[in-house]
Amino acid sequence: MSKVLVIAEHDGTNLNGSTARAVSCASDLGLDAIDVVVLAADGSAVAEQAAKISGVTNVLLVQNPANENAVAAFLAPQIEALAADYSHVLAPSTTFGKDLMPRVAAHLGRPQISDIMRVESSHVFDRPVYAGNAIATVEAPEGLVIGTVRTASYKAAANEGSASVETRSVEVTLPTHTRFVELASGGGGDRPDLQAASKVVSGGRGVGSEENFKHIYSLADKLGAGVGASRAAVDAGFIPNDHQVGQTGKIIAPDLYMAFGISGAIQHLAGIKDAGTIVAINKDADAPIFEVADYGLVADLFEVIEELEKAL
Amino acid sequence: MKILVGVKRVIDFNVRVQVKSDGSGVVKDGVKMSMNPFDEIAVEEALRIKEAGNAEEVIVATIGPKACQEQLRTALAMGADRAIHVQTDEEVQPLTGARIFKALADKEQPKIILLGKQAIDDDNNQTAQMLGALSHWPQATFASEVKIEGETATVIREVDAGLETLSVDLPAVISVDLRLNEPRYVKLPDIMKAKRKPLETMSIEDLGVEHVAEVKVLKTVAPAKRQAGIKVDSVAELVTALKEKGLI
C-alpha cells in the first residue's frame with residue numbers, strides 16, 4: 001500500500017493554509033491514503049483543523065515540548081521515524097518546508113524534489129528552475145520520494161473532511177545543539193496573509209520611502225488585500241522582509257495582484273506569474289512589468305492610489 | 001578557527017535564460033557565468049567574521065568543471081586564504097554536493113560552513129540543510145545576521161512570519177540570505193595577489209564519496225508565457241475593467 005505523509009505547517013494554534021495546498025498536490029499522486037502529521041507541543045486544535053481538509057485519511061498528532069517552535073533539527077528526526085510507513089513525504093515549499101525537508105531527505109539518504117508544481121506520475125514531477133524561466137521535468141529514483149510543494153501551483157483542498165486524529169509517540173533522541181530564541185513578526189497587522197490573500201497590493205522602489213508605504217497599506221485595507229513588496233523596497237528598508245515577493249521571497253497566486261512602482265525584475269516576476277490578474281502602475285512605460293501585466297497604467301502611483309481610493 | 005565556504009558557478013543573474021528547443025536544458029554557450037550571488041554573500045560574511053578576529057582562515061571550495069576556478073579566484077581576490085576545487089564534469093546535485101562538503105569538512109575541520117541559501121540555476125535550496133543532516137550539525141538557514149560568540153552562533157533568519165533568532169553550537173552550517181551583507185568590490189591588486197594564493201584540486205573519488213541515486217532531469221521546457229495585456233489610459237478605465245471581472 002502506497003501512502004503519502006504531508007507535514008503540517010502551523011504556529012501552535014492555527015494550521016497554515018499552505019498545508020491544504022500541499023494536500024492538493026498529494027491528492028494528485030492518486031495513492032491509497034493521505035496522512036497529515038502535526039508536530040507540536042500541544043497540537044490538538046491544529047490537528048482538528050487538519051482533520052477537516054478534504055482527502056485526508058488520518059491525522060497523526062506527535063506532541064513533544066521540543067515541538068513548541070518549528071526547529072528543523074528537532075522535527076527532522078521525528079519525521080524520519082515516521083517515514084518508514086510511507087512512499088512519499090511532502091511539505092509546503094515555504095520557509096518552514098524549505099528549512100526542514102532537505103534535512104529529512106539527507107538523513108534518509110534520499111534526494112529531494114523541491115517546488116513540485118505538477119505531478120506527472122508517482123516519481124515524475126515538474127518544477128521551476130532559473131527563477132521560473134524554465135520548467136524541468138524530473139524523475140526521482142525508485143523508493144521513497146521526499147518533496148516540497150510549490151503552494152502557488154495548487155488550490156487549497158476543500159474544508160469538508162472528517163479524518164480521524166491519532167496520537168502517536170515517536171521515541172527519538174533530539175539534539176541539544178540548537179536553541180530557539182525568538183520570532184519577531186514583521187508586523188503585517190490584521191491584513192490577510194500574503195500567501196493566502198485573494199488580493200495583493202504591492203510596492204516597489206518607486207514608492208520611495210517607508211513613510212510613503214502608508215499609501216500602499218491604505219489601499220490594501222480598502223480592498224481587503226495583503227501587502228507585498230519587491231526586493232528593492234525591502235532592501236531599502238521601506239517594509240519588513242516577510243513582505244518580499246519573488247524567486248527568493250514568497251511565491252504567490254492571488255486572484256488580483258496590483259504592482260505599484262515595481263519595475264519587474266525576472267526575480268520578482270517569478271513570484272507572481274500564477275496570479276489571476278496582474279495590474280501594473282509605473283511611471284516608466286518601458287518597465288518589464290508591463291510585459292506580464294493584464295492591465296498596465298503609465299502614471300504617477302500616488303495619484304492613481306488617490307483616485308482608486310475615491311472610486312472604490 | 002577555520003571557516004569553509006561553498007561557491008557555485010552559475011549563469012549570471014542578469015542574463016535572460018534561454019531554453020534549448022530540443023528540451024535538453026538551457027543555453028550556456030557564450031553566456032556570462034558568475035559566482036552564485038548568495039555564495040558571494042557567504043564569502044563576504046566569512047571574511048567579516050575573520051576580520052572581526054573570530055576566525056583565522058577562510059577556505060573556499062567549489063565542485064564542477066575546470067572553469068569553476070574562475071569563481072574560486074574571485075573569492076580569493078575578495079580575501080579568502082585558499083581554495084579547493086573538487087573537479088568533475090558531471091552535474092552534481094545537492095545530496096552529492098552535501099556529501100562532498102561533508103568529506104571536505106571531515107578533512108579541514110572548520111567550525112563554520114557558510115553556503116548560499118540557494119543556487120539561482122536549479123533553485124533547489126537544499127545543500128546546506130543536507131550537509132547539516134549528514135554532519136549531525138546544527139543548521140541556521142536563510143541568515144540575515146550572524147553573531148559569533150565563543151562556541152556559539154546567534155543567527156537571525158528570514159522566515160515567512162518575520163525574523164526568527166536561533167542560537168546554535170559550533171560547528172554549524174549557516175545558509176545565507178540576501179540581506180546579510182553587501183559583498184565588497186574586488187580591486188585589481190587583489191586579483192593579482194589572488195593568482196598566487198593556493199588552489200588545491202582533487203576529484204570526488206579522492207574524497208571517498210560514492211555515487212548515490214539522484215534525480216534525473218528528463219526534459220527542460222520554456223514556461224507557458226503570460227500574455228501581455230492592455231494599457232489603460234485612466235484609473236476610471238482600470239476600475240471598470242476590474243469591476244467587470246468581479247475583482248473589486
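Below, each value reflects all heavy atoms present in this structure, side chains not excepted, and no hydrogens, waters or symmetry copies. Below, chains carry the letters A, B, ... as their sequence lines are ordered, and counting in each starts from 1.
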Interchain contact, [X] with chain A, by part (heavy-atom threshold 4.5 Å):
| X | value |
| --- | --- |
| B/Lys225 | neither |
| B/Val173 | neither |
| B/Pro223 | both |
| B/Ala98 | neither |
| B/Thr127 | neither |
| B/Leu170 | neither |
| B/Leu238 | side chain |
| B/Gln118 | side chain |
| B/Leu242 | side chain |

For each of [options], tally heavy-atom pairs with chain A at distances under 4.5 Å, and name the one with the top tally.
| options | value |
| --- | --- |
| B/Ser234, B/Ala128, B/Gly23 | B/Ser234 |
| B/Asn14, B/Val212, B/Val239, B/Leu178 | B/Leu178 |
| B/Thr220, B/Thr141, B/Val215 | B/Val215 |
| B/Gly229, B/Pro138, B/Gly25 | B/Pro138 |
| B/Gln227, B/Lys243, B/Gln129 | B/Gln129 |
| B/Leu95, B/Thr152, B/Leu134 | B/Leu95 |

Quick check: closest heavy atoms across [X] and [Y], and the distance to 0.1 Å?
| X | Y | result |
| --- | --- | --- |
| B/Val159 | A/Asp242 | O-CB, 4.0 Å |
| B/Lys231 | A/Ala285 | NZ-O, 3.7 Å |
| B/Arg226 | A/Gly276 | NH2-O, 3.2 Å |
| A/Arg179 | B/Asp169 | NH2-OD1, 2.8 Å |
| A/His107 | B/Ala133 | NE2-O, 2.9 Å |

>> Looking at A/Asp99 and B/Arg157, is any side-chain nitrogen of the basic one under 4.0 Å from a carboxylate oxygen of the acidic one?
In response: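 Yes, B/Arg157 and A/Asp99 are salt-bridged.
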> Can we say B/Lys245 and A/Asp294 salt-bridge, meaning some charged N sits less than 4.0 Å from an Asp/Glu carboxylate O?
Replying inline: no
With side chains defined as the heavy atoms from C-beta onward, is the minimum distance between [X] and [Y] less than 4.5 Å?
| X | Y | value |
| --- | --- | --- |
| B/Asp160 | A/Phe96 | no |
| B/Lys117 | A/Lys98 | no |
| A/Leu223 | B/Ile248 | yes |
| A/Thr178 | B/Leu166 | yes |
| A/Gln112 | B/Asn124 | no |
| B/Met130 | A/Arg103 | no |
| B/Glu164 | A/Phe180 | yes |
| B/Leu163 | A/Leu183 | no |

Taking atom [atom1] of [X] as the centre, does the number of heavy atoms from other residues, nucleotides or ligands within less than 6.0 Å exceed 12?
| X | atom1 | value |
| --- | --- | --- |
| A/Glu80 | CD | yes |
| A/Glu120 | CD | yes |
| B/Phe13 | CZ | no |
| B/Glu108 | CD | yes |
| B/Glu91 | CD | no |
| B/Lys20 | NZ | yes |

What part of [X] gets closer than 4.5 Å to chain B, counting heavy atoms only: side chain, backbone, both or neither?
| X | answer |
| --- | --- |
| A/Thr148 | neither |
| A/Ala311 | both |
| A/Gln195 | side chain |
| A/Arg127 | side chain |
| A/Ile272 | backbone |
| A/Ala76 | neither |
| A/Ile266 | side chain |
| A/Val71 | side chain |
| A/Met258 | side chain |
| A/Leu312 | side chain |

>> For the CG atom of A/Asp235 and the CD atom of B/Glu182, what is their distance to the nearest 0.5 Å?
In response: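 A/Asp235 atom CG to B/Glu182 atom CD measures 8.0 Å (nearest 0.5 Å).
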>> As an exercise, state the distance from OG1 of B/Thr240 to OH of A/Tyr295, rounded to the nearest 0.5 Å.
In response: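 Between B/Thr240 OG1 and A/Tyr295 OH, I get 10.5 Å after rounding to 0.5 Å.
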> Would you say the ring centroid of A/His177 lies under 6.0 angstrom from that of B/His136?
Replying inline: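 No, ring centres 6.0 Å or more apart.
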Would you say [Y] and [X] are linked by a side-chain donor-acceptor pair, where the criterion is simply a distance under 3.5 Å?
| X | Y | answer |
| --- | --- | --- |
| A/Gln247 | B/Asp123 | yes |
| B/Arg179 | A/Gln244 | yes |
| A/Thr95 | B/Glu158 | no |

Interface residue of largest heavy-atom contact number with chain B, from [options], under 4.5 Å:
| options | result |
| --- | --- |
| A/Asn241, A/Leu256, A/Val129 | A/Asn241 |
| A/Asp115, A/Asn69, A/Ile278 | A/Ile278 |
| A/Ala184, A/Pro128, A/Ala73 | A/Ala184 |
| A/Asn16, A/Thr94, A/Leu194 | A/Thr94 |

>> Applying the side-chain contact (heavy atoms from CB on, under 4.5 Å) criterion to B/Val235, which one of A/Glu307, A/Glu303, A/Lys310 satisfies it?
In response: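 Considering A/Glu307, A/Glu303, A/Lys310, a side-chain contact (heavy atoms from CB on, under 4.5 Å) with B/Val235 is found only for A/Glu307.
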> Residues of residues 131-141 of chain A under 4.5 Å from chain B (heavy atom pairs)?
Replying inline: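 Within residues 131-141 of chain A, near chain B: A/Ala131, A/Gly132, A/Asn133, A/Ala134, A/Ile135, A/Ala136, A/Thr137, A/Val138, A/Glu139, A/Pro141.
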